[in-house]
Amino acid sequence: MKDLSEILIIAREVAWGASKLLGSYYHGTALAPDLDIKYKDNEPVTVADIAVSEYILSQLKAALGEADFGYISEETYKSQQEKNPHEWVWIIDPLDGTKDFINKTGEYAIHIALIQGTQPILAVVAIPETQTLYYAIRGGGTFRETATGSVAVRVNCTKNIQDLILVVSRSHRNDRLEYLLQHLPCQNQKAIGSVGCKIAAIIEQQADVYISLSGKSAPKDWDMAAPELILTEAGGQFTHCDCTPLAYNTGDIHQWGDLLASNRHHQVLCREATKILTQFPNHSSGVD
Ligand SMILES: Nc1ncnc2c1ncn2[C@@H]1O[C@H](COP(=O)(O)O)[C@@H](OP(=O)(O)O)[C@H]1O
Ligand SMILES: [Mg+2]
């Protein structure tokens, strides 16, 4: 099998190709740019999601084969699918932030993560609208790549907890999340689409904290795996609110629970969030 640095070169090349393809649908320059929006489990799926998924899977499989690797993509995943039996599994979101892509906010991303066992060891997050790619190998730091080259990036926050800027989903919110947002010590809050774009905002020091609470629905492995590694390798933390790690390819593709990503004050934020959520008056409400 190729080593991780060789695999990363392939994953970056595939991510750049995918970024160009996805951008061509966004800007209407694709050969057949009609998005033909359909709904699957109340979430929109477009022709762009499917085309980019096919592109990434075919490119990775052509370069790396299927003997050593399993492949899970949002668009080919079948509900109730079992845990993938491979030790090394690619988990792919060809279009993270489909709603924002359709609504033309520019906040959408491509996630490509390689999982070993249950943890991400290699990740690429591409953001077509800024023509930027973030990549990481576990233990090797995170890099930002643009047309002019790659530079190492690290989170750097010296703020007090009250001054932190919190990012949350624009479209996946419920009463429990609104209650938490009202009671947290950090009241600078902004909505950004796509998990990849929210985590990129933290790496780029435009934000400090991201919170995701599952309700009746939950984000999936492909929403979190690549963003988690690019943040933690840049020096941030990304855990459940009880500070336990996320796990992937476990047999349940959902990331249920209360998740918190931050660049500083992680334990304090997790403790505060847990305390506030236990005071939420309607424990059974989870509307998404
Ligand atoms: N509570 C939730 N339930 C279901 N999906 C969620 C979710 N929170 C986030 N997601 C998924 O995470 C991605 C980013 O969401 P958001 O922009 O709201 O942060 C979206 O996936 P896709 O766009 O890949 O389908 C969305 O479906
Ligand atoms: Mg998607």
Side-chain angles (χ1 to χ4, degrees), residues 15 18-19 22 25-26 35-53 56-57 72-77 79 90-113 123-129 166-181 189-202 206-207 209-228 230-231 238 240-241 246 248 252-261 273 277 285-288:
S19 179
L22 190 51
Y25 281 98
Y26 188 80
L35 291 181
D36 189 20
I37 304 165
K38 298 214 162 58
Y39 284 81
K40 187 175 145 194
D41 302 330
N42 286 328
E43 297 287 337
V45 186
T46 72
V47 162
D49 295 67
I50 292 159
V52 176
S53 176
I56 295 171
L57 285 171
I72 297 174
S73 161
E74 176 170 13
E75 304 317 328
T76 54
Y77 181 83
S79 62
W90 289 96
I91 297 191
I92 298 153
D93 190 342
L95 171 45
D96 173 63
T98 305
K99 281 185 187 159
D100 281 76
F101 180 87
I102 293 167
N103 294 332
K104 290 270 187 290
T105 67
E107 294 159 3
Y108 64 96
I110 296 159
H111 301 169
I112 302 175
V124 183
V125 171
I127 304 188
E129 291 310 300
L166 199 138
V167 276
V168 283
S169 167
R170 199 174 262 129
S171 39
H172 294 89
R173 306 172 75 111
N174 57 32
D175 292 349
R176 200 165 160 262
L177 178 65
E178 300 297 348
Y179 180 83
L180 176 61
L181 297 182
Q189 300 172 359
K190 62 180 172 189
I192 297 183
S194 145
V195 181
C197 290
K198 285 188 264 292
I199 295 303
I202 297 178
Q206 293 151 3
V209 187
Y210 163 48
I211 294 179
S212 160
L213 309 183
S214 66
K216 286 181 181 150
S217 65
K220 316 278 194 319
D221 280 11
W222 45 76
D223 296 313
M224 301 297 169
E228 179 195 330
I230 63 157
L231 178 64
F238 199 146
H240 288 265
C241 280
L246 279 71
Y248 302 94
D252 181 357
I253 205 76
H254 298 90
Q255 290 292 336
W256 296 108
D258 305 332
L259 310 180
L260 195 147
L277 287 170
S285 172
V287 193
D288 290 286

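When a ligand or atom number is given, it counts from 1 through the structure's own listing order.
- With a 4.0 Å heavy-atom cut-off, ligand 1 is reached by the side chain of D223 but not by its N, CA, C or O.
- At a threshold of 4.0 Å, the pair D93-K220 does not count as salt-bridged, since none of the basic side-chain nitrogens sits closer than that to a carboxylate oxygen.
- Under 4.0 Å is where a charged nitrogen must lie from a carboxylate oxygen, and between E107 and R170 at least one such pair does.
- Considering backbone and side-chain atoms together, H172 places an N or O closer than 3.5 Å to an N or O of ligand 1.
- The residue among P227, A191, A218 with a heavy atom at the shortest distance from atom 5 (N) of ligand 1 is A218.
- Not one N or O of S212 is nearer than 3.5 Å to an N or O of ligand 1, by distance alone.
- Between the side chains of Q255 and D221, a donor-acceptor pair is found at a separation under 3.5 Å.
- With atom 22 (P) of ligand 1 as the reference point, the heavy atom nearest to it among G97, S214, P219, G193 is part of G97.
- If you look at L95 next to ligand 1, the close heavy atoms, those under 4.0 Å, all belong to the backbone.
- Heavy-atom proximity to S217, at under 4.0 Å, picks out these atoms of ligand 1: 1 (N), 2 (C), 3 (N), 4 (C).
- Heavy atoms of E74 found under 4.0 angstrom from ligand 1 belong exclusively to the side chain.
- With sequence neighbours excluded, the residues that form a side-chain contact (heavy atoms from CB on, under 4.5 Å) with S19 are I110, A126, P128.
- Those atoms of ligand 1 with a heavy atom of S171 less than 4.0 angstrom away are 18 (O).
- With a 4.0 Å heavy-atom cut-off, ligand 1 is reached by the side chain of D93 but not by its N, CA, C or O.
- T98 and P44 make their closest contact through CG2-O, 3.5 Å (heavy atoms, listed as atom of the first residue, atom of the second, distance).
- Looking at N174, its side chain does come within 3.5 Å of a backbone N or O of R176 through a donor-acceptor pair.
- The two residues P94 and E74 make their nearest non-hydrogen contact at CD-CB, 4.2 Å.
- Considering backbone and side-chain atoms together, K220 places no N or O closer than 3.5 Å to any N or O of ligand 1.
- Evaluated by nearest non-hydrogen atom to atom 19 (O) of ligand 1, the leading choice among K198, R173, K40 is K198.
- Between the side chains of S194 and D100, no donor-acceptor pair is found at a separation under 3.5 Å.
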